[in-house]
Amino acid sequence: MPTHLEGILLAAGESRRMGYPKPLLKIDGQTFIERIAQSMLTVVPRLVIVLGAHSDRARAVIPRDQRIVIVENPKYSRGQLSSLKVGLSAIQPDSTAALVHLGDHPMVRAETFRTLVDSYNQTGQPIAIARYEGHRGHPVIFDRAIFAELQSAPEEEGARHVVNADASRVVYVDMDDPGINLDLDTPSDLARAGLPPPPTV
């Protein structure tokens, strides 16, 4: 029986190294946040988007879709795990797992999300992580059985604190998708990916 997953998209960061809010950057005329949300909504019935820094500007470009729920992390400066904790708190009680992705990984293909969900359903492992050429990246699936550990994990260590705690409960899903590891943090990262530079205003 397939499990009931919901999505969490983390888009609360300050984008300091980019010098421009990353959710608002564009690929083929679509903002990063639009592109990722659309891909995730092909596999989840409900998507929680966590905003923080630049929340007003990011909120303005999020697709108008009743399946999307927007929450804000007032403590976004504490890092990515603090935003994940806010997202997990917004997952509905009947959801059995969360498909988690990052707002600066917009190049992941929609089929990658589907493959990860299928692997999670087939293996029954509580943590499923996408991997490309031996390097783990995003998206990641966390079963509800892991939520409490994530909520209590030290924010300075991030979710890897939970992932690394017990290798036997993690399944890595190898896929031919370089977007899994393509972390777009700086203007030079955009250039290497063949994307236009951030706007100057």
Side-chain angles (χ1 to χ4, degrees), residues 5-15 17-18 20-73 76 79-81 83-84 86-88 90-91 95 97-120 128-132 135-142 158-159 173 175-186 189-190 192-196 198-199:
L5 284 85
E6 292 186 11
I8 298 176
L9 174 54
L10 304 179
E14 296 176 75
S15 306
R17 288 189 286 163
M18 186 64 74
Y20 185 84
K22 287 187 282 187
L24 277 64
L25 293 169
K26 291 189 175 181
I27 301 177
D28 298 331
Q30 258 193 327
T31 61
F32 281 13
I33 204 165
E34 286 177 289
R35 181 186 176 100
I36 299 168
Q38 287 181 2
S39 293
M40 294 184 75
L41 284 168
T42 65
V43 296
V44 295
R46 183 174 182 266
L47 176 63
V48 176
I49 299 180
V50 184
L51 302 179
H54 317 293
S55 61
D56 289 345
R57 295 178 71 183
R59 188 182 287 268
V61 300
I62 291 173
R64 300 290 185 264
D65 191 311
Q66 61 183 8
R67 297 171 295 170
I68 293 176
V69 176
I70 301 170
V71 296
E72 292 202 27
N73 175 17
Y76 60 83
Q80 196 178 95
L81 181 56
S83 292
L84 177 56
V86 170
L88 290 171
I91 292 292
S95 179
L99 171 67
V100 180
H101 198 54
L102 307 180
D104 55 8
H105 282 56
M107 306 290 275
V108 169
R109 301 170 187 150
E111 56 264 31
T112 294
F113 292 105
R114 168 59 61 196
T115 300
L116 189 68
V117 170
D118 289 345
S119 296
Y120 165 76
I129 302 177
R131 188 165 62 181
Y132 174 70
H135 298 284
R136 71 188 187 189
H138 286 83
V140 177
I141 292 175
F142 293 109
V173 185
M175 287 179 265
D176 185 21
D177 182 355
I180 288 167
N181 298 128
L182 192 59
D183 190 358
L184 301 176
D185 275 332
T186 66
D189 291 339
L190 294 177
R192 279 193 294 272
L195 297 174

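Count residues from 1 along the sequence.
Under the 3.5 Å distance criterion, with hydrogens and angles disregarded, a donor-acceptor pair is assigned to the side chains of Glu34 and Thr31.
Annotation: salt bridge (Lys or Arg N to Asp or Glu O under 4.0 Å) contacts of Arg46 (sequence neighbours excluded): Glu6. Not a single salt bridge (Lys or Arg N to Asp or Glu O under 4.0 Å) links Arg35 to another residue, sequence neighbours left out. In this structure Ser119 satisfies the side-chain hydrogen bond (donor to acceptor under 3.5 Å, both in side chains) test with no other residue, sequence neighbours excluded. Under the rule for a side-chain hydrogen bond (donor to acceptor under 3.5 Å, both in side chains), the partners of Thr186 that lie at least two apart in sequence or sit in another chain are Ser188, Asp189.
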Thr42 vs Arg114, test: side chain to side chain contact (heavy atoms under 4.5 Å, CB included). Steps then yes/no.
CA-CA 8 Å; Thr42 65; Arg114 168 59 61 196; 5.8 Å; no

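By the 4.5 Å heavy-atom criterion applied to side chains, Val173 and Met175 are counted as neighbours. Side-chain contact between Pro199 and Tyr20 is present, with heavy atoms from C-beta onward closer than 4.5 Å. Using a 4.5 Å heavy-atom cutoff, the side chains of Leu81 and Leu84 are in contact. Taking the side chain as every heavy atom from C-beta outward, Val140 and Phe142 approach each other to under 4.5 Å. You'll find the side chain of Leu184 reaches within 4.5 Å of the side chain of Phe32, heavy atoms only. Here the side chains of Arg59 and Ile70 are in contact, with some heavy-atom distance below 4.5 Å. Using a 4.5 Å heavy-atom threshold, the side chains of Phe113 and Leu41 count as separate. Proximity of Leu24 to Pro21: side-chain heavy atoms (C-beta onward) are separated by under 4.5 Å at one or more points.
The line from NE2 of His138 to CG of Leu116 is 10.5 Å long, rounded to the nearest 0.5 Å. One finds the CD atom of Gln30 at 13.5 Å from the CG atom of Leu25 (value rounded to the nearest 0.5 Å). Considering OG of Ser83 and CG of Leu10, their distance stands at 6.0 Å, rounded to 0.5 Å. Interatomic distance, Asp65 CG to Ile68 CD1, rounded to the nearest 0.5 Å: 4.5 Å.
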Expected list for residues 47-56: side-chain donor-acceptor pairs under 3.5 angstrom, two or more places apart:
| from | atom 1 | to | atom 2 | distance (Å) |
| --- | --- | --- | --- | --- |
| His54 | NE2 | Glu14 | O | 2.9 |
| Ser55 | OG | Glu72 | OE1 | 3.3 |

Just distance, no hydrogens or angles: give the donor-acceptor pairs under 3.5 Å from side chains in residues 97-111, sequence neighbours left out.
| from | atom 1 | to | atom 2 | distance (Å) |
| --- | --- | --- | --- | --- |
| His101 | NE2 | His105 | O | 2.8 |
| Asp104 | OD2 | Lys22 | NZ | 2.9 |
| Arg109 | NH1 | Asp176 | O | 2.4 |

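When all heavy atoms of Ile91 and Gly7 are compared, the pair lying nearest together is CD1-O, 4.3 Å. Taking all atoms of both residues into account, the shortest heavy-atom contact from Pro139 to Thr112 is CD-CG2, 4.1 Å. Heavy-atom minimum distance, Met18 versus Leu190: SD-CD1, 3.6 Å. The minimum heavy-atom distance linking Pro23 with Val61 is given by the pair O-CG2, 4.5 Å.
Judged by distance alone, the side chain of Asn181 and the main-chain N or O of Arg136 form a donor-acceptor pair under 3.5 Å. With Asp177 contributing its side chain and Tyr132 its backbone, the two residues share no donor-acceptor pair below 3.5 Å.
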